[in-house]
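Notes follow the structure.
Treat the numbers as computed from the prediction; the structure is a model and nothing was measured.
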Amino acid sequence: MRIGAHVRDDDPVTAATERNAEVVQFFLSDPQGWKAPKPHPQAELLRDGDLSVFVHAPYVINVASLNNRIRIPSRKAVLQQSAAAAEVGAEGLIVHGGHVTKDDDPAEGVANWRKMFERQAADGGFAVPILIENTAGGANAMARRFDALARLWDAVGEFGAGFCLDTCHAHAAGEDLLDVVDRVKAITGRIDLVHLNDSRDEFGSSRDRHANIGAGRIEPELLAAVVRAAGAPVVVETPGEGQAADIAYLRGAVG
């Protein structure tokens, strides 16, 4: 089991050394923007090195949206980001499940996810696996509550979509972490990556505010149990000054 962190974009190799991380996750472009990624200065080091690499897609991407001005750029961005992720040797591109607005039918958002995978499958698929991440809030979110996740997976699972489980997001969405791995795998059949984050807010808050392990509302032992059960690479997306301690705790707790 390999454990690491979400680190700064410009020098993930040094950041990994500082944290004793075996896994790095980072952005390849502005997380709040639509610009295509530029070649990464450490691409060769990352491709040829021992680190497991994951890329997080920008937050603005919303594949589910019924708004053409959001959905069409989102599809384009996923394609661009996946191609750039392959250049750094990434094992997957993490994309949030997204949402539709309160007046929209969530089934149409699910259909938009399926259309993206269908269209790309006809062109040979994506350059790296697309890992859909559960999210913390939103009544019409595609991957907040697990009943919605099941509807999404019925539509996209056949295309090889992967899944990224975020513990803070599940806690915020009101999904119990005690048996979360079993419930997710019953839906998706897989967990490809764990975002292992404590939460600053109470259960069911719908707030996405990460905390270092032991500094939030989730028991550290429960977080370690999720890691053990998932058996997948782990990335902490916690405040940077505590990431080395978070990684060390998890290594000790899971053996």
List in chain and number order the residues that pass salt bridge (charged side-chain N to carboxylate O under 4.0 Å, His left out) with [X], two or more places apart in sequence or in another chain; answer none if no residue qualifies.
| X | value |
| --- | --- |
| Arg228 | none |
| Asp192 | Arg190 |
| Arg114 | Glu118, Glu158 |
| Arg151 | none |

Arg183: side chain to side chain contact (heavy atoms under 4.5 Å, CB included) partners, not counting sequence neighbours: Phe146, Glu175, Asp176, Asp179, Val180

Residue set satisfying side chain to side chain contact (heavy atoms under 4.5 Å, CB included) with Asp154, at least two apart, ordered chain then number -> none

Going by the rule side-chain hydrogen bond (donor to acceptor under 3.5 Å, both in side chains), which residues pair with Ser74 if we only count those two or more places apart in sequence or in a different chain? none

Under the side-chain hydrogen bond (donor to acceptor under 3.5 Å, both in side chains) test, which residues partner Arg119, sequence neighbours left out? none

Provide the full list of salt bridge (charged side-chain N to carboxylate O under 4.0 Å, His left out) pairs with a residue in residues 204-225, sequence neighbours left out, each pair given once. Asp201-Arg207, Asp201-Arg209

Where at least one partner belongs to residues 14-32, residue pairs that pass salt bridge (charged side-chain N to carboxylate O under 4.0 Å, His left out), sequence neighbours excluded: Arg8-Glu18, Glu22-Arg251

In residues 81-93, what donor-acceptor pairs under 3.5 Å come from side-chain atoms, sequence neighbours left out?
from	atom 1	to	atom 2	distance (Å)
Gln81	NE2	Ser29	OG	2.8
Ser82	OG	Val78	O	3.1
Ser82	OG	Leu79	O	2.9
Glu91	OE2	Ser52	OG	3.3

Between His6 and Phe54 (judged by ring centroids, cut-off 6.0 Å), do the two rings come close enough to count as a pair? no

d(Leu223 CG, His171 NE2) to nearest 0.5 Å is 9.5 Å

Got a second to check how far Asp182's CG is from Ile187's CD1, nearest 0.5 Å? 11.5 Å

What are the two closest non-hydrogen atoms of [X] and [Y], and how far apart are they?
| X | Y | value |
| --- | --- | --- |
| Leu149 | Ala143 | CD1-CB, 4.1 Å |
| Ala232 | Leu193 | CB-N, 4.1 Å |
| Leu66 | Glu108 | CD2-OE1, 3.4 Å |
| Ala141 | Ala148 | O-CB, 3.8 Å |

Table please: side-chain donor-acceptor pairs of residues 121-134 below 3.5 Å, with sequence neighbours left out.
from	atom 1	to	atom 2	distance (Å)
Glu133	OE1	His56	NE2	3.3
Glu133	OE1	His96	NE2	3.2
Glu133	OE2	His169	ND1	3.3
Glu133	OE2	His195	ND1	3.1
Asn134	OD1	Asp166	N	2.8
Asn134	ND2	Asp166	O	3.2

Could you check whether any side-chain heavy atom of Val23 comes within less than 4.5 Å of a side-chain heavy atom of Val234, counting everything from C-beta outward? no

